[in-house]
Amino acid sequence: MKRSVLSFVPALAIVAGLSATAQAAIIYDASVQTGSRVNVGQAGFFGAATVASNSRILFDDVPISNLARGAATALEVTRVTVGIRQVAGAPATSVSLYWSSLTTNVTSPDTQIDTPSNLIGNANLGAVTASVTSLVSIGDGVNPIFTVPFNTDLITGFGSFAVGVQLGSTDELNGWRATTPAVGFANAASAVWAYDAGGISGLAGSPTEFGPFGFGAAPNPPATFYIVVEGNFVPTPGAAVLLGLSGLIAARRRRN
C-alpha cells in the first residue's frame with residue numbers, strides 16, 4: 001500500500017501546480033480608439049422619427065479566433081471593460097453592461113443575439129468639463145462573473161458572443177467609444193445589434209431586437225466598440241489534464 005500511495009504523489013503535485021497557475025488572460029481587446037462614439041438611445045439615431053430612449057442596449061460581437069480558443073466551447077469571463085466617451089460638457093450618466101449568447105437558433109446560421117440579455121453590472125459616471133474616455137470595469141479578473149457558450153456561425157473561423165452597453169443619458173455627448181481591435185485581435189463581423197425593450201425605436205414595425213447592422217462606409221464610425229474581456233476557456237487545457245490524471249488514479253485504485 002505504501003508503494004501505491006507514493007505513486008500518487010507526483011500526480012497530485014501536478015494537479016496542485018495546475019490550480020496555482022490557472023490565471024485569467026485577456027481574451028479580446030478592441031481598445032484602439034477612433035474619433036467616434038455612439039449613443040443608440042439618442043433621438044434621431046435610426047431616423048428622424050426615432051425618439052430618445054435610455055432603455056435601448058447596443059450590442060457588439062466579441063469574436064475569439066479558433067486558433068486561440070482551440071476546442072473550447074465556452075468562455076468563463078472574469079472581467080469586462082468598456083470605454084465610454086464623454087465629450088466636454090457631457091452630463092452624468094449611468095452605464096449598464098450586459099452579455100448575450102448567440103446560440104439558441106437551431107437553424108444555422110445563427111446570427112441573432114439571444115434576448116432578453118443578462119446584466120453584468122452597473123456604474124455611474126459624473127459630468128465632465130473636458131473630453132475623456134472613461135473606462136467601466138466589472139469583475140476582478142480572477143473570479144468568474146459569467147460563463148457564455150460560443151457561436152461558431154456568425155464569423156467563419158471564430159467563436160463569438162456579445163457585450164452590450166446601455167446608457168442612462170440619451171445626450172449625444174455621451175457614447176460608447178468606437179474603436180479598432182488591438183494587435184493580435186480581430187472583429188471580422190463589423191456589425192452590431194440593438195435591443196429596444198421599450199419598443200419605441202421609431203421604426204415602423206421594428207421588433208424589440210434588430211440587427212446585425214453597420215454604420216455604412218467611412219467617415220461613419222466602425223461597428224466595433226471599446227471592449228476588453230478577460231477570462232478562461234472552458235474546458236481549459238488544465239482541465240483536460242486533470243481528467244486524465246483522475247482516470248489514472250481511479251485505475252490504480254481498482255488494481256489495489
Side-chain angles (χ1 to χ4, degrees), residues 28-62 77-100 113 115-141 143 145-146 162-180 182 192-203 208-211 213 215 219-230:
Y28 177 76
D29 186 339
S31 61
V32 181
Q33 299 187 54
T34 67
S36 303
R37 67 192 179 279
V38 170
N39 187 336
V40 74
Q42 73 183 71
F45 184 84
F46 293 103
T50 307
V51 299
S53 172
N54 62 8
S55 69
R56 296 189 199 109
I57 308 171
L58 181 64
F59 285 90
D60 189 17
D61 57 302
V62 177
V77 177
T78 60
R79 176 157 50 203
V80 176
T81 300
V82 300
I84 306 302
R85 185 66 174 176
Q86 295 183 280
V87 177
T93 184
S94 60
V95 183
S96 298
L97 274 60
Y98 294 83
W99 67 269
S100 175
I113 58 173
T115 55
S117 52
N118 307 276
L119 179 66
I120 301 174
N122 304 288
N124 293 297
L125 300 177
V128 300
T129 57
S131 298
V132 62
T133 298
S134 300
L135 302 186
V136 175
S137 289
I138 306 295
D140 59 12
N143 297 297
I145 53 177
F146 65 89
V163 167
V165 166
Q166 180 185 50
L167 297 177
S169 167
T170 60
D171 193 301
E172 61 90 19
L173 296 180
N174 287 310
W176 195 359
R177 188 59 153 170
T179 60
T180 57
V192 293
W193 297 257
Y195 179 62
D196 186 4
I200 51 174
S201 67
L203 300 177
T208 56
E209 171 199 339
F210 42 101
F213 61 89
F215 299 120
N220 289 319
T224 301
F225 292 89
Y226 197 121
I227 303 172
V228 177
V229 174
E230 299 170 50

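The figures that follow rest on heavy atoms only: side chains count, while hydrogens, waters and symmetry mates do not.
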Novice: List the atom of Val38, the atom of Pro221, and the distance in Å for their closest heavy-atom pair.
Specialist: CG2-CG, 4.2 Å
Novice: Could you tell me whether a side-chain N or O of Arg56 sits under 3.5 Å from a main-chain N or O of Val40, the two making a donor and an acceptor?
Specialist: yes
Novice: Which distance, rounded to the nearest 0.5 Å, do you find between the CG of Leu58 and the CG of Asp196?
Specialist: 12.0 Å
Novice: Throw together a table of side-chain donor-acceptor distances under 3.5 angstrom for residues 125-133, partners on residues two or more places apart or in other chains.
Specialist:
from: Ser131; atom 1: OG; to: Ala88; atom 2: N; distance (Å): 3.0
from: Thr133; atom 1: OG1; to: Gln33; atom 2: OE1; distance (Å): 2.6
from: Thr133; atom 1: OG1; to: Arg85; atom 2: NH1; distance (Å): 3.0

Novice: Which class fits the ring pair Phe146 and Trp99: parallel under 30°, tilted 30 to 60°, perpendicular over 60°?
Specialist: parallel
Novice: Nearest heavy-atom pair of Gln166 and Ser55: which atoms, and what distance?
Specialist: NE2-O, 3.0 Å
Novice: Quick check: closest heavy atoms across Val80 and Ile120, and the distance to 0.1 Å?
Specialist: CG2-CD1, 4.2 Å
Novice: At their closest point, which heavy atom of Ser31 faces which heavy atom of Val228, and how far apart are they?
Specialist: CB-CG2, 4.2 Å
Novice: Could you grab the distance from atom CD1 of Ile227 to atom OG1 of Thr179, nearest 0.5 Å is fine?
Specialist: 7.5 Å
Novice: Give the C-alpha distance, both sets of side-chain angles, the deciding distance and a yes or no for side-chain contact (heavy atoms from CB on, under 4.5 Å) between Phe215 and Val192.
Specialist: CA-CA 9 Å; Phe215 299 120; Val192 293; 4.0 Å; yes
Novice: Donor-acceptor check, side chain of Ser117 to backbone of Ser100, threshold 3.5 angstrom: yes or no?
Specialist: no
Novice: Mind checking what makes salt bridge (charged side-chain N to carboxylate O under 4.0 Å, His left out) contact with Arg37, not counting sequence neighbours?
Specialist: Glu172
Novice: State the OG-CG distance between Ser137 and Leu97, to the nearest 0.5 angstrom.
Specialist: 8.5 Å
Novice: Considering the options Val95, Asn39, Asp60, which one meets the side chain to side chain contact (heavy atoms under 4.5 Å, CB included) requirement together with Trp176?
Specialist: Asp60
Novice: Which pair of non-hydrogen atoms, one from Ser169 and one from Thr93, has the smallest distance, and what is that distance?
Specialist: N-OG1, 2.9 Å
Novice: Is the closest side-chain donor-acceptor distance between Asn174 and Asp171 under 3.5 Å?
Specialist: no
Novice: Could you state the interatomic distance from OH (Tyr98) to CZ (Phe59), rounded to the nearest 0.5 Å?
Specialist: 8.0 Å
Novice: Starting at CZ of Arg79, measure out to CD1 of Ile145 and round the result to the nearest 0.5 Å.
Specialist: 9.5 Å
Novice: List for me each residue that meets side-chain hydrogen bond (donor to acceptor under 3.5 Å, both in side chains) alongside Thr115, sequence neighbours excluded, and say none if there are none.
Specialist: Glu209
Novice: Enter the distance from Ile84:CD1 to Tyr226:OH here, rounded to the nearest 0.5 Å.
Specialist: 11.0 Å
Novice: Please report the closest heavy-atom contact between Thr224 and Tyr28, naming both atoms and the distance.
Specialist: CG2-OH, 4.1 Å
